[in-house]
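Everything below concerns the one structure shown next.
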Amino acid sequence: MRFRIYRYNPETDKEPYMKDYQLDNVSSDMMLLDALLLLKEKDPGLGFRRSCREGVCGSDGMNINGTNGLACITRLSDLKEPVELRPMPRLPVIRDLIVDMEQFYKQYRDVKPYLDVKDPLPEVELKQTPEERDQLDGLYECIMCGCCTTACPSFWWNPDKFLGPAALLQAARFLGDSRDQATDERLQALDDPFKLFRCHTIMNCVQVCPKGLNPTKAIGDIKKMMVKKSL
Amino acid sequence: MSSPGLQGLRPWIIQRVSAVFIGVFLLYIFVVLITHSPLNVNDWAEWVSAPYNNILIGLFLIAVLWHAWIGIRDIILDYVPNVVGRLLVLTLLGCTLMGSGIWGFKALFMVFIK
């Protein structure tokens, strides 16, 4: 099977380049990460992140044949040859397929991804009814791989101002949490031309999310909450 | 909150409300054109000078200008990253829309001077 992989080592390369690889004895049940690990045995200099190898940690997000995804849950048999691998778009490249996620994490921190409770905390845990807990389904499962945010054109245009689908999904997750008591502050913080309203429902985020989540819907729900609050 | 004219929720709501108004008004105009056909200039001027229609056309002009300002502003915010360039293009857009508005209202007012 043929691969074309983005290579760039800032210490030795003036510019990034695409390097061709050939891998024999590829079986139909292999995942892309398995192939990358075999390629790394051939070429130890090849850089990429990976950890759990089962779509839970979100480390091996990359651009696979033009679409962001996780290498560990992408079947080789589903890919067209040559398989073109690039780092996730619009983030600074540290080396080869490894990107600097700092901007992405900054956006995450910006939405204050933790419960804000004004009342004195109880001795036991903060409880929810099963219905209240159900409100968080489709929001809490995000693994922060960055596939959605780096696939979003609004993020490409304003990476420092638009919060991006992953962070906004987290904003919706805490806005929708019955235990959180900072709804007004959270909505106020998002009422800005860039942070939330750069989303034009392009829906690349929905297309690429390896967990099947829907950040576009979450963003729409935040807008609905804002409208309700303003009435 | 940012400076006036560069907010988040308010323009978003205005864009949607103006879109609904523009859509309904265009439907109304379409019905008028079909039911009053054929219209000559004098008939048209008479129709426009009716206070109800005149006010509706004025509101339509405001809705179109506001809708255009928010829509093009959004495109500029996306594609013009430089702050000075962005301000320049926004000013140019504001002047163009304001000029178009004055021209439109002048035409609307002229109907009464005949």
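Lettering of chains follows the sequences in order, A, B, ..., and the numbering in each one begins at 1.
- Taking 4.0 Å as the cut-off between side-chain N and carboxylate O, A:Arg198 and B:Asp74 count as a salt-bridged pair.
- The environment of A:Trp156 atom CH2 is dense: over 12 non-hydrogen atoms of other residues, nucleotides or ligands sit within 6.0 angstrom.
- Around atom CE of A:Met18, more than 12 heavy atoms belonging to other residues, nucleotides or ligands sit under 6.0 Å away.
- The environment of CD in B:Glu46 is sparse: at most 12 heavy-atom neighbours from other residues, nucleotides or ligands sit within 6.0 Å.
- Surrounding OH of B:Tyr28 are more than 12 heavy atoms belonging to other residues, nucleotides or ligands, all under 6.0 Å away.
- Heavy atoms of A:Phe162 lying under 4.5 Å from chain B are absent altogether.
- More than 12 heavy atoms of other shown residues, nucleotides or ligands fall within 6.0 angstrom of atom CH2 in B:Trp12.
- The neighbour count for A:Arg95 CZ, taken as heavy atoms of other residues, nucleotides or ligands under 6.0 Å away, is above 12.
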Take B:Leu77 and A:Trp157, measure what side chain to side chain contact (heavy atoms under 4.5 Å, CB included) needs, and give me the verdict at the end.
-> CA-CA 9 Å; B:Leu77 292 185; A:Trp157 300 322; over 6 Å; no
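- Environment of OH in A:Tyr17: crowded, with over 12 heavy atoms of neighbouring residues, nucleotides or ligands closer than 6.0 Å.
- Residues of residues 211-231 of chain A that come within less than 4.5 angstrom of chain B, heavy atom to heavy atom, are A:Lys223, A:Met226, A:Val227, A:Ser230 in numerical order.
- Distance check: A:Phe197 CZ to B:Gln15 CD gives 11.0 Å after rounding to the nearest 0.5 Å.
- Heavy atoms closer than 4.5 Å to chain B are found in the side chain of A:Lys161, but not in its backbone.
- For a residue to count as touching a neighbouring chain, one of its non-hydrogen atoms must lie under 4.5 Å from one of that chain's; by this rule B:Leu9 touches chain A with backbone and side chain alike.
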